[in-house]
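Just below is one structure, and these are the notes that go with it.
The chains referred to below are lettered A, B, ... by the order of the sequence lines, with proteins before strands, and numbering in each begins at 1. All values below were derived from every heavy atom in this structure, side-chain atoms included, with hydrogens, water molecules and symmetry-related copies excluded.
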Amino acid sequence: MDYKFVPSVCPYCGTGCGVLFEVIDGKLVGTLPNKTHPVNEGKLCIKGWNMHEFVNSFMRLKQPLVKTFGRFMKTEWDEAIKITADRFKEIIEKHGPDSIGVLVSAKITNEENYLAQKFARAVIGTNNVDHCARL
Amino acid sequence: MQAQVEQWLKEGNVDIFIGYKNVDGHVIPHFFTNENIDEVKDLVVGQAHYSLEKIATKVAADHPDMKIGILLARSCNQQALHVLYGWNQLNPNQIQTIEAYEASSDPAFDLEQPEPVSSYKQKMGLEKSMAPKDVEAFDQQQRFSRWMYEFSKCIKCYGCRNICPVCFCKECSLEHKDLVRAGNLPPEIPIFHLVRAVHMAGRCIDCGLCEEACPADIPLRLLYRKVDEIVVDVFDYETGTSPDQSPFSVLGEKVVLDPVPINE
Ligand code: SF4
Ligand code: SF4
Ligand code: SF4
């Protein structure tokens, strides 16, 4: 029997509302607002209310896709990262590091944002870092 | 309370008990079964209001034979159960309850603790702590404009419907494309809110969860209290006080109003 409520945070926007995922019989069937969460105090917008739907959606991407000859092909993570790194190197060599920009997100943690800017500055060598909360 | 639940689980009086547990500082709904029976000592009475009965309907929908125990932390939990029995969403023979009411978490008590209201809302809108008669003290035009001001803030999150312990329809009128067009904010007002209000007649138990969940601070409970007043006055039916079916579960013989085409 797998019945539980799993506290989590809505990943859709930078507000970061607290939610409870409702797991009934091992299936994620619903999302409830966390009533005592200091951010949303038991309220959610329509996106947060329906989070369980994208988790279960058949359209959900579960694997990286690489565009090859105009078509998206499924591939493994190692392969996708390698292709991306090779293409970055090519672009930097040809056009310089400032031809690349890194967009970070309100939907990831502070620490992940820190890593992303570090990657931009120390690995790629550019100050082109921006954030969706500034749009 | 804990000893009772433990005994029920061990003796098979209930297969699952829905109560509360403190998880990382948040008292949230929790399922207790024989598999995690050692957690029963952590069972607490939640102060935050969740509808454990609505959670029970989801368990029962998948497992109609499962015996479910429910913690009742407020008087409205029992009223919600009555409504759900009356509408065949739960089978009373499968349900066991433990009452642990806390007066300070009663829905009536919430009404007596008015929150501060901005001067703008005082001038333009309606306050949650008002009673239907306070609204009736305004003239008709004022009443209409004040309600429209409140409704115009709606962000169509469907939180009022989702959280409501007695909202369970598979197909919801609030998602019917002829009533509420997709993609508009606010949604069609006042239709959106009035459709819900009418559907709450004979169902709403005045628990206040919808109002608590409304990000737009709309006094929904006040609206449904008015509806409830009519149900009591006209139909002499007190919602939730017994498992009797509401007068609205009886279908009429013929439609008396002419159908009106919907303007595109
Ligand atoms: S529920 Fe809505 S407002 Fe809250 S974090 Fe998610 S998307 Fe943002
Ligand atoms: S007060 Fe709101 S949430 Fe509670 S039963 Fe009535 S409509 Fe539903
Ligand atoms: S909870 Fe409030 S904002 Fe959300 S749909 Fe209901 S009335 Fe509108």
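Within a 6.0 Å radius of OH in Y114(A), other residues, nucleotides and ligands contribute 12 heavy atoms or fewer.
For the atom pair CE of M200(B) and CZ of R221(B), the computed distance is 14.5 Å after rounding to the nearest 0.5 Å.
Using a 4.5 Å cut-off between heavy atoms, K21(B) does not touch chain A at all. With a threshold of 4.5 angstrom between heavy atoms, L20(A) approaches chain B through side-chain atoms but not through N, CA, C or O. For K47(A), no part lies near chain B; criterion is any non-hydrogen pair under 4.5 Å. For chain B, the nearby part of V23(A) is the backbone; its heavy atoms alone come within less than 4.5 Å. At a 4.5 Å heavy-atom cutoff, the contact between I16(B) and chain A is made by side-chain atoms alone. With a threshold of 4.5 angstrom between heavy atoms, N34(A) approaches chain B through its backbone and through its side chain.
If you tally non-hydrogen atom pairs under 4.5 Å between each of L44(A), N50(A), I24(A) and chain B, the highest count goes to I24(A). The candidate from T33(B), N34(B), I28(B), V27(B) with the greatest count of non-hydrogen atom pairs under 4.5 Å with chain A is I28(B).
Between E150(B) and K121(B), at least one side-chain nitrogen of the basic residue sits less than 4.0 Å from a carboxylate oxygen of the acidic one, meeting the salt-bridge criterion.
Each of V40(B), I98(B), I70(B) was compared with F17(B) under the side-chain contact (heavy atoms from CB on, under 4.5 Å) criterion, and only I98(B) meets it.
Between V195(B) and L174(B) the shortest heavy-atom distance is CG1-CD2, 4.0 Å. Across N36(B) and F31(B), no two heavy atoms sit closer than the pair ND2-O, 3.1 Å.
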